[in-house]
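Every number for a ligand or one of its atoms is a count from 1 in the order of the listing. Because the structure is a prediction, the values reported are computed rather than measured.
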Amino acid sequence: CSLLRFIQDNKPENRNLQVAAEQEVTAVELSHAITNHEITLAFQPKLTVQGLLLRGVEALARWKHPTKGIISPGIFIPLAERHGLIDALTRYLLQKAFEHKRRWQQYGLRFHLAFNLSPLSLADADMVDWLLKMTQDFGVAPADVTFEITENALLGELASAIRTLARLRLKGFHIAIDDYGTGFANAQQLSRVPATELKIDRSLVHRVASRPQQYTILASTVTLAKNLNLTTVAEGVETEEDFLVLQELGVDLVQGYYFSKPLFADDLLAWVKTGIS
Ligand code: C2E
Ligand code: CA
Ligand code: CA
Ligand code: CA
């Protein structure tokens, strides 16, 4: 029955309907959504390749629209960026993320929290000080928090973005270069970013087991990351075959539907309790 529903929901015509509805959201609605707490976070586990232990979770924004269903961040984050709402949205979501992190710590769970930062947030002058205050208020160690910044964001406003990242790093936060492999950063540019982690984009990971050329690119990416002393994370792992390749290449962490979809906080706790099967 649930499989039938899945097929039903994913019929092309139904998918299109969903997307059409999502695209109709406006900046005014988004602004109200922030005030009315309609935007929430889902969390996707990041696991160690060795032993499949829960290392951390990535916070992913979800808009629970009262009539249009769940709206993807791929729609409303760019909308927020275009309409000057991103700083307010980011701070609102960061506060939610810290609240969850504090609760997990109260339960004795100490896994890391990863949070996606818009490149525009790196230009928010007060962000670093505000973040430090948040870590104090919520009793969260900066070393337990990773900020994910896309490779492309680092290619644009390189100098000022790197200055902000360096300040964050100096305070103990971790920095991940996200979606690596979708942009054209060269090794030298990469080495100038004060990053601790490289997240290999799912376009390089997806079906790597059956694509020799992609395997070559993935293998050299892992080598580059290791030479730069970066923790390697493969995202979008959907099959066991792909996982086995990543294991063979010595990737450190994995994330993807094969292990878990992004989960709302209650489901995440249930998932943690039952352990990884
Ligand atoms: P991202 O940072 O690259 O996040 C990974 C995306 O891949 C997520 O999509 C996640 O649900 C999806 N994903 C995870 N595992 C798999 C898999 O095995 N297969 C496939 N096909 N997809 C997988 P999502 O949640 O729709 O987020 C899209 C993008 O929106 C994120 O890409 C991130 O760039 C941005 N985003 C999400 N939340 C926030 C936020 O709070 N702030 C900012 N600035 N950006 C956010
Ligand atoms: Ca990310
Ligand atoms: Ca990514
Ligand atoms: Ca992405």
Side-chain angles (χ1 to χ4, degrees), residues 10 15 18-19 22 30 33-34 38-47 56-64 69-101 112-124 127 131 145-154 161 164 174-183 185 195 197-208 221 231-243 246 253-264 267-268:
N10 285 281
R15 269 214 308 262
Q18 218 177 336
V19 168
E22 282 173 358
L30 178 58
I34 299 171
E38 287 170 21
I39 299 177
T40 179
L41 290 170
F43 301 93
Q44 188 177 37
K46 290 167 92 167
L47 306 168
V57 293
E58 177 180 3
L60 293 159
R62 297 286 179 268
W63 179 355
K64 290 180 171 172
I70 292 193
I71 299 173
S72 132
I75 306 273
F76 67 83
I77 296 287
L79 187 68
E81 288 174 337
R82 282 198 303 274
H83 290 86
L85 295 168
I86 191 67
D87 286 351
L89 179 58
T90 301
R91 289 181 186 221
Y92 165 84
L93 289 173
L94 272 166
Q95 172 152 355
K96 292 232 169 223
F98 279 112
E99 281 167 12
H100 284 291
K101 180 85 174 75
H112 283 242
L113 172 74
F115 192 92
N116 293 286
L117 273 189
S118 160
L120 296 179
S121 297
L122 298 178
D124 178 352
M127 181 63 101
L131 274 169
V145 180
T146 301
F147 292 112
E148 301 192 355
I149 323 284
T150 62
E151 180 192 10
N152 281 321
L154 296 168
T164 306
H174 289 267
I175 308 292
I177 298 168
D178 203 353
D179 294 358
Y180 184 76
T182 56
E197 181 177 307
L198 191 76
K199 291 194 83 173
I200 304 166
D201 191 66
R202 72 165 174 266
S203 59
L204 286 183
V205 172
H206 184 64
R207 294 188 51 206
V208 67
T221 303
T231 300
T232 47
V233 186
E235 61 175 28
V237 184
E238 293 184 357
T239 65
E240 184 179 17
E241 293 75 44
D242 294 340
F243 171 67
L246 297 163
L253 304 175
V254 281
Q255 198 182 337
Y257 295 164
Y258 180 58
F259 308 100
S260 172
K261 283 190 179 161
L263 303 168
F264 288 118
D267 297 330
L268 176 71

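- At a threshold of 3.0 Å, the Ca ion (ligand 2) has a backbone or side-chain N, O or S atom of N116 nearer than that distance.
- Q44 and E58 share no donor-acceptor pair across their side chains, judged by distance under 3.5 Å alone.
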Working for salt bridge (Lys or Arg N to Asp or Glu O under 4.0 Å), residues R62 and E38: CA-CA 8 Å; R62 297 286 179 268; E38 287 170 21; over 6 Å; no
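- Contacts of P262 with ligand 1, taken as heavy-atom pairs under 4.0 Å, involve the side chain alone.
- Around the Ca ion (ligand 3), the two atoms OD1 of D179 and OE1 of E235 are separated by an angle of 140°, to 10 degrees.
- Short contacts between ligand 1 and G256, defined as distances under 4.0 Å to a heavy atom of the residue, involve ligand atoms 15 (N), 18 (O).
- No donor-acceptor pair closer than 3.5 Å links the side chain of T231 to the backbone N or O of E197.
- The Ca ion (ligand 3) has no N, O or S atom of D201 closer than 3.0 Å.
- Annotation: H174 is not in aromatic contact with F147 [ring centroid separation under 6.0 Å not met].
- Compare A80, S118, P45 by their heavy atoms: the one nearest to atom 44 (N) of ligand 1 is in S118.
- When non-hydrogen atoms are compared, ligand 1 lies under 4.0 Å from the side chain of R62 (C-beta onward) but not from its backbone.
- Closest N/O/S atom of E148 to the Ca ion (ligand 2): OE1.
- Considering each of P78, P73, A97, the one bringing a non-hydrogen atom nearest atom 28 (C) of ligand 1 is P73.
- The backbone N or O of G183 lies less than 3.5 Å from a partner atom in the side chain of E151, making a donor-acceptor pair.
- Side-chain polar atoms of N152 and T150 form no donor-acceptor pair below 3.5 angstrom.
- Every atom of ligand 1 with a heavy atom of G236 under 4.0 Å away is listed here by number and element: 16 (C), 17 (C), 18 (O).
- If you take CG on L198 and OG1 on T221, they are separated by 7.5 Å, rounding to the nearest 0.5 Å.
- Here atom 6 (C) of ligand 1 lies nearest to R202 when heavy atoms of K199, R202, E238, E235 are compared.
- Contacts between T90 and ligand 1, counted as non-hydrogen atom pairs separated by less than 4.0 Å, are absent for every part of the residue.
- Around atom 42 (N) of ligand 1, the closest heavy atom drawn from N116, L94, V254 belongs to N116.
- Considering only non-hydrogen atoms, atom 8 (C) of ligand 1 lies nearest to L60 out of D178, L60, L120, T239.
- Among F76, Y257, Y92, the residue whose heavy atom lies closest to atom 13 (N) of ligand 1 is Y257.
- Contact annotation: for K261 versus ligand 1, there are no heavy atoms closer than 4.0 Å.
- Using modelled atom types and a 3.5 Å distance limit, the side chains of D242 and T239 yield a donor-acceptor pair.
- A cation-pi arrangement is found for K64 relative to F264, the charged atom lying closer than 6.0 Å to the ring centre and inside a 45° cone about the ring normal.
- Proximity to V237 (heavy-atom distance under 4.0 Å) selects the following atoms of ligand 1: 18 (O).
- Under 4.0 Å from ligand 1, the heavy atoms of Q44 that appear belong solely to its side chain.
- For D178, the N/O/S atom at the shortest distance from the Ca ion (ligand 2) is named OD2.
- Within the 4.0 Å heavy-atom criterion, the part of L93 lying near ligand 1 is the side chain and not the backbone.
- The pair K46-E148 meets the salt-bridge criterion, since a charged nitrogen lies less than 4.0 angstrom from a carboxylate oxygen.
- With a 4.0 Å heavy-atom cut-off, ligand 1 is reached by the side chain of D179 but not by its N, CA, C or O.
- Not one N or O on the side chain of Q255 forms a donor-acceptor pair closer than 3.5 Å with the backbone of P45.
- Of the options I34, I77, I39, a side-chain contact (heavy atoms from CB on, under 4.5 Å) to W63 is made by I39 and by none of the others.
- Residue F115 is tested with T90, L60, T146 for a side-chain contact (heavy atoms from CB on, under 4.5 Å); the sole match is T90.
- Looking at I77 against ligand 1, only its side chain comes within 4.0 Å, counting heavy atoms.
- The E58 neighbourhood of ligand 1 comprises atoms 2 (O), 4 (O), with distances under 4.0 Å to a heavy atom of that residue.
- Contact check on R202 versus D179 returns no salt bridge, with no Lys/Arg side-chain nitrogen under 4.0 Å from an Asp/Glu carboxylate oxygen.
- When you scan the N, O or S atoms of E58 for the one nearest the Ca ion (ligand 2), you land on OE2.
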